[in-house]
Amino acid sequence: MRKHLNRYFVDCEDMMKYTYSFLKRLFDIVASLGGIIVTLPIWFVVIIGIEISDPGPLFYFARRVGKNNKYFYMIKFRSMRVDKNANEKSLRPEQSRIYPFGRFIRAAKLDELPQLLNVFLGSMTVVGPRPASVEQLSVTRGGENSSVASVKAGLTSPAALYDYLYGDFIEDEKEYEDKVLPARLALDRYYIGKQSMRYDMKLIWYTVRSIWGTIAKKIPVDILEEMLDAVDGDRQAIEEVKRRIDHIGDRS
């Protein structure tokens with residue numbers, strides 16, 4: 001009897017995983033195709049902005065590591081000046097290379113729009129851990145975080161939201177490693193055990209709120225709090241973000 005029950009629960013679990021995978025892929029196709037069509041006018045605005053602000057290649061093809069540690073090229077609008085000697089060993093972008101319009105499209109996440117093509121073609125998903133840089137693979141997918149490679153890389157995730165709401169304030173590499181990286185890695189692991197269509201939809205809504213809040217200089221601190229509480233992160237980050245928001249408000 002116990003053997004049959006165990007087999008029943010295993011079959012049910014497998015069916016739930018298959019259903020989730022099927023619905024997730026269906027959503028990816030519909031959302032990415034719809035997203036490309038709806039945002040196409042924005043693509044043209046970004047392209048014109050890049051040509052005016054810093055003439056050169058429109059797109060940046062970043063070599064990334066996705067599901068099962070397989071390599072693929074992630075597409076982004078170019079937001080940094082071209083440097084043939086540049087590498088991605090650092091966890092922080094080289095601020096001096098980001099040109100003015102590039103800084104804006106990074107803040108508004110418009111540089112990520114071409115990744116809808118990655119989602120449509122199947123190398124990425126809408127919700128999942130951010131793709132790993134080849135040079136940072138041992139950090140973001142090593143040790144405890146090896147399980148993160150079991151799912152497709154995505155456009156947004158708990159770790160991506162935390163990084164966007166807090167990590168983007170930190171420019172110093174050492175400070176980022178101390179203050180941001182531990183919770184970011186923990187949030188990637190957290191998503192692996194938490195993933196579901198309901199949670200994915202929640203994260204998409206949080207992403208919309210976070211982008212809009214950042215543009216309007218009204219960062220949704222409640223989202224940051226939820227991300228930190230999920231992994232028992234250092235809540236000092238919340239106070240630091242609040243201080244930075246107040247500082248931005250004072251300057252404006």
* Would you call the rings of Phe59 and Phe77 parallel, tilted or perpendicular if under 30° counts as parallel and over 60° as perpendicular? -> parallel
* To do: Decide yes or no for Arg63 and Tyr73: does some side-chain heavy atom of the first lie under 4.5 Å from some side-chain heavy atom of the second?
  => yes
* To do: Find out whether Arg25 and Tyr20 are in side-chain contact, i.e. whether some heavy atom of one side chain is under 4.5 Å from a heavy atom of the other.
  => no
* **Charged N-O contact under 4.0 Å between Lys179 and Asp172** => no
* Asked: Mind checking whether Tyr162 and Tyr166 have parallel, tilted or perpendicular rings, split at 30° and 60°?
  -> tilted
* Quick one: does Asp111's side chain have a donor or acceptor within less than 3.5 Å of a partner on Lys76's backbone? -> no
* To do: In plain terms, say whether Lys24 and Asp28 are close enough for a salt bridge, that is, a side-chain N and a carboxylate O under 4.0 Å apart.
  => no
* Taking all non-hydrogen atoms of both residues, which atom of Val148 and which atom of Arg189 are closest, and how far apart? -> CG2-N, 4.3 Å
* Between Glu112 and Arg130, is there a salt bridge with N-O shorter than 4.0 Å? -> yes
* Kindly indicate whether the side chain of Arg106, heavy atoms from C-beta on, has any atom under 4.5 Å from the side chain of Met80. => yes
* Side chains of Tyr164 and Ile211: does their closest heavy-atom pair fall under 4.5 Å? -> yes
* Between Glu226 and Lys202, is the closest basic N to carboxylate O distance under 4.0 Å? -> yes
